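Read through the structure below, which is laid out as structure tokens, and then see the notes.
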Amino acid sequence: GKQKKKMASRKPASKTNSVKLTEKPSTTKFNGCEIRAIEMDNDTKTVVTSLAKQLCEIHGQQLEEIASNLKLALDEKYGPTWNVVVGDGFALNVSYEQDKFIYFSIPGEKEHYIMAFKTYEKYEREKPKG
């Protein structure tokens, strides 16, 4: 019979999530934000939304500054590798570490949509034979 290959080192399977702003997902209010999709514990959710709100107040419409500063803060607090997307329109399909994904908006004169998710530091891949 066929044998299944065993991997020497196996990380927990990452989850995949697709989010499009046009889908108008249902929202939950939290910490002055509207949570649109989440797989994250409450402590991390509080930190991410609080940091994002502070950065939006400091940087206004400088979306790159908001994204890069939030990413740096999350990498420092929780370890690499965090990814942050900030904008007013995007569609993504991302893979992320289990329980490390949030997509939310911060209401205001110009609403900011923010997605933050953690990916594994490195993926172990099989070396090609030959």
Side-chain angles (χ1 to χ4, degrees):
K2 291 185 179 179
Q3 289 185 330
K4 291 183 179 179
K5 285 185 182 179
K6 288 190 177 184
M7 299 180 83
S9 170
R10 188 173 175 158
K11 295 193 179 253
S14 59
K15 301 261 183 167
T16 301
N17 194 358
S18 290
V19 180
K20 290 185 182 179
L21 291 179
T22 54
E23 291 174 358
K24 296 287 184 201
S26 60
T27 61
T28 304
K29 301 234 184 255
F30 176 83
N31 198 18
C33 301
E34 293 184 8
I35 308 297
R36 297 171 177 275
I38 189 162
E39 185 183 310
M40 183 174 281
D41 65 77
N42 279 329
D43 290 342
T44 307
K45 175 171 67 169
T46 300
V47 169
V48 173
T49 54
S50 296
L51 280 170
K53 285 183 355 184
Q54 290 171 10
L55 290 167
C56 287
E57 288 173 17
I58 294 167
H59 298 291
Q61 293 306 307
Q62 296 174 310
L63 304 183
E64 250 181 69
E65 290 294 319
I66 296 167
S68 63
N69 283 288
L70 183 55
K71 184 225 181 322
L72 289 172
L74 294 174
D75 278 350
E76 189 174 305
K77 184 161 182 68
Y78 299 109
T81 299
W82 283 86
N83 301 274
V84 177
V85 180
V86 180
D88 59 8
F90 51 83
L92 293 174
N93 186 320
V94 300
S95 295
Y96 56 89
E97 202 172 304
Q98 189 169 354
D99 299 325
K100 302 290 187 236
F101 172 87
I102 188 169
Y103 170 48
F104 61 102
S105 62
I106 300 174
E109 189 176 315
K110 177 81 169 132
E111 191 166 21
H112 290 80
Y113 292 86
I114 299 171
M115 183 182 299
F117 55 97
K118 187 175 184 191
T119 56
Y120 295 109
E121 286 184 54
K122 63 182 180 179
Y123 292 90
E124 293 186 25
R125 296 184 179 153
E126 283 187 33
K127 293 182 180 176
K129 294 179 182 176

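Please read all numbers here as calculations on a predicted model, not as lab measurements. Only this structure's heavy atoms are used, side chains among them; waters, hydrogens and symmetry mates stay out.
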Indicate the ring-plane relationship of Tyr96 and Phe101, choosing parallel, tilted or perpendicular according to the 30° and 60° boundaries.
parallel

So, for Gly32 and Pro107, which heavy atoms are closest and what is the spacing to 0.1 Å?
O-CD, 3.4 Å

Taking the six-membered ring of Tyr78, is NZ or CZ of Lys118 closer than 6.0 Å to its centre and within 45° of its axis?
no

Do side-chain atoms of Ser50 reach the backbone of Val47 as a donor and acceptor pair under 3.5 angstrom?
no

In Å and rounded to the nearest 0.5 Å, what is the CZ to CE distance from Arg36 to Met115?
11.0 Å

For a quick test of reading the model, state the closest non-hydrogen atom pair linking Ile114 to Ala52 and the distance between them.
CD1-CB, 3.7 Å

Exam field: side chain Lys45 to backbone Phe30, donor-acceptor pair closer than 3.5 Å:
no

Rounded to the nearest 0.5 Å, the CG atom of Asn69 sits from the CD1 atom of Ile58 at a distance of 8.0 Å

Looking only at heavy atoms, the pair that brings Cys56 and Ile106 closest together is SG-CD1, 3.7 Å

Got a donor-acceptor contact below 3.5 angstrom from the Lys71 side chain to the Trp82 backbone?
yes

Euclidean distance, Asp41 CG relative to Thr46 OG1, rounded to 0.5 Å:
8.5 Å

Determine the minimum heavy-atom distance between His112 and Gly60, stating which atoms define it.
NE2-O, 2.9 Å

If you take all heavy atoms of Ala116 and Leu74, which pair is closest and at what distance?
CB-CD1, 4.2 Å

Please name the pair of heavy atoms, one in Ser95 and one in Phe117, separated by the smallest distance, quoted to 0.1 Å.
O-CD1, 4.0 Å

Look at Lys100 together with Glu39 and state whether they make a salt bridge at an N to O cut-off of under 4.0 Å.
no

To the nearest 0.5 Å, atom NZ of Lys53 lies from atom CD1 of Ile66 at 14.0 Å

The reported gap from CD in Gln98 to CE in Met40 (rounded to nearest 0.5 angstrom) is 12.5 Å

With a 4.5 Å heavy-atom cut-off, do Ile102 and Thr44 have their side chains touching?
no

Using modelled atom types and a 3.5 Å cut-off, is there a donor and acceptor pairing between side-chain atoms of Asn31 and backbone atoms of Cys33?
no

Between the side chain of Thr81 and the main-chain N/O of Thr119, is any donor-acceptor distance below 3.5 Å?
no

